[in-house]
Structures are given as C-alpha cells and as structure tokens.
There are 2 protein chains.
Amino acid sequence: MSTPGRLGEVMALDRLVHEPARLLILAVLSGAKEVEFGFLEQMSGLSKGNLSSHMSKLEAGGLIEVKKSFRGKRPLTELCITPAGRRALAAYRRQLAAVMQELPDPAAGTKRR
Amino acid sequence: MSTPGRLGEVMALDRLVHEPARLLILAVLSGAKEVEFGFLEQMSGLSKGNLSSHMSKLEAGGLIEVKKSFRGKRPLTELCITPAGRRALAAYRRQLAAVMQELPDPAAGTKRR
DNA sequence: GCAAATTAGTTTGCAATGCAAACTTATTGG
DNA sequence: CCAATAAGTTTGCATTGCAAACTAATTTGC
C-alpha cells in the first residue's frame, strides 16, 4: 500500500517551493506586485549570492519572473511571482495544511509532566 | 535588518524535521508507541535504504530511538519518537503554522467569504 | 583625474544531502 | 544444497544550498 490518508501528501511536496529560502521569497512576492532584489536581500537575510541562485531556480521553474532594468545608471533587478508561482504556492499551502491536520496538536504534551 | 514578522520564521525551520521523508516518519511515530521498520517502509513508500538512512539521521539527532531485537529468529527494528522528537515536531508545526498565516489564502479569488 | 570604495549582482567551490542500487547476513523453501 | 526471501546497511553519485570570490559599473575622496 502507498502512504496513508493525508499524511502521504507530504511526500508529494514541491521541492522547489519547499526550500525555506525560496518559500520565503515566494511568500514575499505573493504579497506585492513587484519586489526589488535589494529589498528581498534585506527582508530575507540571505546573501546576494544565495538570493541570486534561488532566484534563478525559481525563474527556471517558471514560478517567478525576473526583470532587469536600470534605475538611473545603476542596474535594477525586480522579481514578481507568476500565475504558475501562485498556483504552486497555493498547492504547497494546501498540502501542508492537510499534513498539519494529521500532526499531533502542538498543545498536547506541552503542559504534561 | 532581519526578516520581518512571522515570515522570517521560515528561515529557522529545523532542517532535520523539514525533510519530507523524515517529517512523514516523525508524524507516523508521533501517533504510535512503537513502529516497526517494515510497517514504516510500507506506510511511507520509501525504500529500505532511504528509510534506513533517514532513520539514522533522526536517531543521531536524538529525535527518535531505535531498538533492535529479534522476532523469532528474524531481526526486528522498532522506532519510537523521543520527547525531544515530540518537541521538535511541535516546534516545527508552530513555525509552519505561523508562516502559513502570512501566506496568501489559497481560496482567495475562488470564492469570497 | 584617478585610485579606492560602493553598488548590484553572478559565478565558483565545496561540503552535505537524498536517493537508488549494490551489498550483507540470516532464514526458509524445494 | 541451492535458490529465494527477509530485513536492513552501505556505497556511489548527482544535486543542493551556502559562502566566498569574482565582475562590472558608478561614485567618492584626495
């Protein structure tokens, strides 16, 4: 038999979304029309390097769109979530929610003992 | 500046728990006193190899306890979650719940409340 | 006016990870 | 006795995430 009930959903989680750094990026993007690279860098605490590479993966997966332009004479990178990105995030959220219902109540055992 | 509000919690997720296969294992263990290796294998759909290595990591991290014995003449491996394991799982659940509150409502756009 | 520092990122190098396949070691069936 | 099964463990490898190094343009200091 395969995995049981909703718990089994955990194995189907989208690894592209599941990575904490990328989940954070997607979450921030989902709440704004467009976000600047530098803003995300501050927001996330990620180094430019890590942010850049996670950004590239999300872009490669079609979950975000990256626009490069200039502000004055300096380069400016802006990110925005795509419809596919929103769907992926929503699906991820649903799966996690399903899993969490099966997880033990966080309050249980807290005041035991 | 650090990450904002509850969203930033995502970066503090316990990677040992965050891995889907291990989360599944912990979730199953949390609902039973003791679980046999073979049962988990069926339950999770993981190969014996993967299960074995995830098991070892959880054990190394002190989140589960592994007892080896014999049933009749065959080896029998049983797993059970430790108090630390329960705490880790509860903490993980809390952090995720906090993050999910900030995530966009999956129903948004589908139907207004 | 040109060397140094800053801005805005990308690329590289590496250690750690997850997964599948191969490998034990013991037991049972023909 | 030989093959097959059971119950796991170990190995090999391709992928990852992260930090550090690098690039390239711009602005500042002297």
Side-chain angles (χ1 to χ4, degrees), chain A residues 1-3 8 10-29 34-61 63-80, chain B residues 1-3 8 10-26 28-29 34-61 63-80 92:
Chain A
M1 191 197 296
S2 183
T3 57
V10 79
M11 294 306 289
L13 287 170
D14 182 347
R15 306 296 279 238
L16 190 56
V17 179
H18 189 62
E19 171 62 28
R22 288 191 296 259
L23 181 55
L24 178 51
I25 293 170
L26 287 175
V28 172
L29 292 195
E34 258 177 355
V35 173
E36 295 176 17
F37 187 98
F39 177 77
L40 255 179
E41 187 191 352
Q42 300 301 309
M43 204 69 161
S44 64
L46 291 168
S47 67
K48 291 177 197 300
N50 287 345
L51 178 53
S52 175
S53 74
H54 285 304
M55 189 182 86
S56 295
K57 290 192 180 175
L58 287 170
E59 188 183 21
L63 304 195
I64 70 171
E65 198 187 342
V66 178
K67 272 168 278 191
K68 284 158 195 281
S69 60
F70 285 85
R71 177 162 49 199
K73 307 205 160 181
R74 301 177 160 292
L76 175 66
T77 300
E78 285 167 305
L79 298 79
C80 73
Chain B
M1 192 192 291
S2 181
T3 56
V10 79
M11 295 306 289
L13 287 171
D14 182 347
R15 306 297 278 237
L16 190 55
V17 179
H18 190 62
E19 171 63 26
R22 287 191 295 259
L23 182 55
L24 178 52
I25 292 171
L26 287 175
V28 171
L29 292 195
E34 258 177 356
V35 173
E36 294 177 18
F37 186 99
F39 177 76
L40 255 179
E41 187 191 350
Q42 300 301 308
M43 203 71 160
S44 64
L46 292 167
S47 67
K48 292 177 198 298
N50 287 345
L51 178 52
S52 175
S53 73
H54 285 304
M55 188 182 87
S56 295
K57 291 194 177 172
L58 288 170
E59 188 183 20
L63 304 195
I64 69 170
E65 198 187 342
V66 179
K67 272 169 280 191
K68 284 157 194 282
S69 60
F70 285 85
R71 177 162 50 199
K73 305 203 163 184
R74 298 178 164 293
L76 174 66
T77 300
E78 284 166 305
L79 299 79
C80 74
Y92 180 80

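Within every chain, numbering begins at 1; the chains are lettered A, B, ... in the order of the sequence lines, protein sequences first and strands thereafter.
Using a 4.0 Å cut-off, some side-chain N or O of A:H54 falls inside it from OP1 or OP2 of D:dC18. Put simply, B:T77 has a side-chain N or O that comes within less than 4.0 Å of OP1 or OP2 on D:dG8. Within the 4.0 Å cut-off from OP1 or OP2 of C:dG18, at least one side-chain nitrogen or oxygen of B:K57 is found.
Atom C1' of nucleotide C:dA20 and atom CD of B:E41 are separated by 14 Å, given to the nearest angstrom. The CD atom of B:E19 sits 17 Å away from the P atom of D:dT15 (whole-angstrom rounding). Straight-line distance from the CG atom of B:N50 to the P atom of D:dT15: 16 Å, rounded to whole Å. The CZ-P distance, from A:R22 to D:dT16, rounds to 8 Å in whole Å. The distance from atom CD1 of A:I25 to atom P of C:dG9 is 13 Å, rounded to the nearest whole Å. Rounded to an integer number of Å, the gap from CZ of B:R15 to P of C:dA16 is 14 Å. Distance A:L51 CG to D:dC18 P: 11 Å, rounded to the nearest Å. B:M11 places its CE atom 10 Å from the C1' atom of D:dG17, with the value rounded to the nearest Å.
You'll find the side chain of B:L46 reaches within 4.5 Å of the side chain of A:M11, heavy atoms only. A heavy-atom distance below 4.5 Å is not found between the side chains of B:V35 and B:I25. With contacts defined as side-chain heavy-atom distances shorter than 4.5 Å, the pair B:L26/B:Y92 does not qualify. The side-chain heavy atoms of A:L40 and A:L29, taken from C-beta on, include a pair separated by under 4.5 Å.
Note on B:K73: only backbone sugar-phosphate atoms sit closer than 4.0 angstrom, heavy atoms only; bases stay farther off. Among the heavy atoms of the strands, none lies under 4.0 Å from A:L46.
Between B:K48 and B:F37, the closest heavy-atom pair is O-CZ, 3.5 Å.
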For residues 63-74 of chain B, tabulate all N or O donor-acceptor pairs below 3.5 Å that involve a side-chain atom, not counting sequence neighbours.
| from | atom 1 | to | atom 2 | distance (Å) |
| --- | --- | --- | --- | --- |
| B:K67 | NZ | B:E34 | OE2 | 2.5 |
| B:R71 | NH1 | B:E36 | OE1 | 3.4 |
| B:R71 | NH1 | B:E36 | OE2 | 3.0 |
| B:R71 | NH2 | B:E36 | OE1 | 3.2 |

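In this structure, the nucleotide among C:dC19, C:dT10, D:dG8 sitting nearest to the side chain of B:K48 is D:dG8. Taking only side-chain atoms of A:S52, from C-beta outward, the nucleotide of C:dG18, C:dT11, D:dC18 with the closest atom is C:dT11. Picking from C:dG9, D:dG8, D:dT27 the nucleotide with the shortest atom distance to the side chain of A:R74 gives D:dT27. Nearest to the side-chain atoms of B:P75 among the listed nucleotides D:dA19, D:dT9, D:dA7 stands D:dA7.
Checked against side chain to side chain donor-acceptor pair (under 3.5 Å), B:K57 has no partners two or more places apart in sequence or in another chain.
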Please produce a list of atom pairs where a protein N or O lies less than 3.5 Å from an N or O of nucleotides 21-24 of chain D.
none

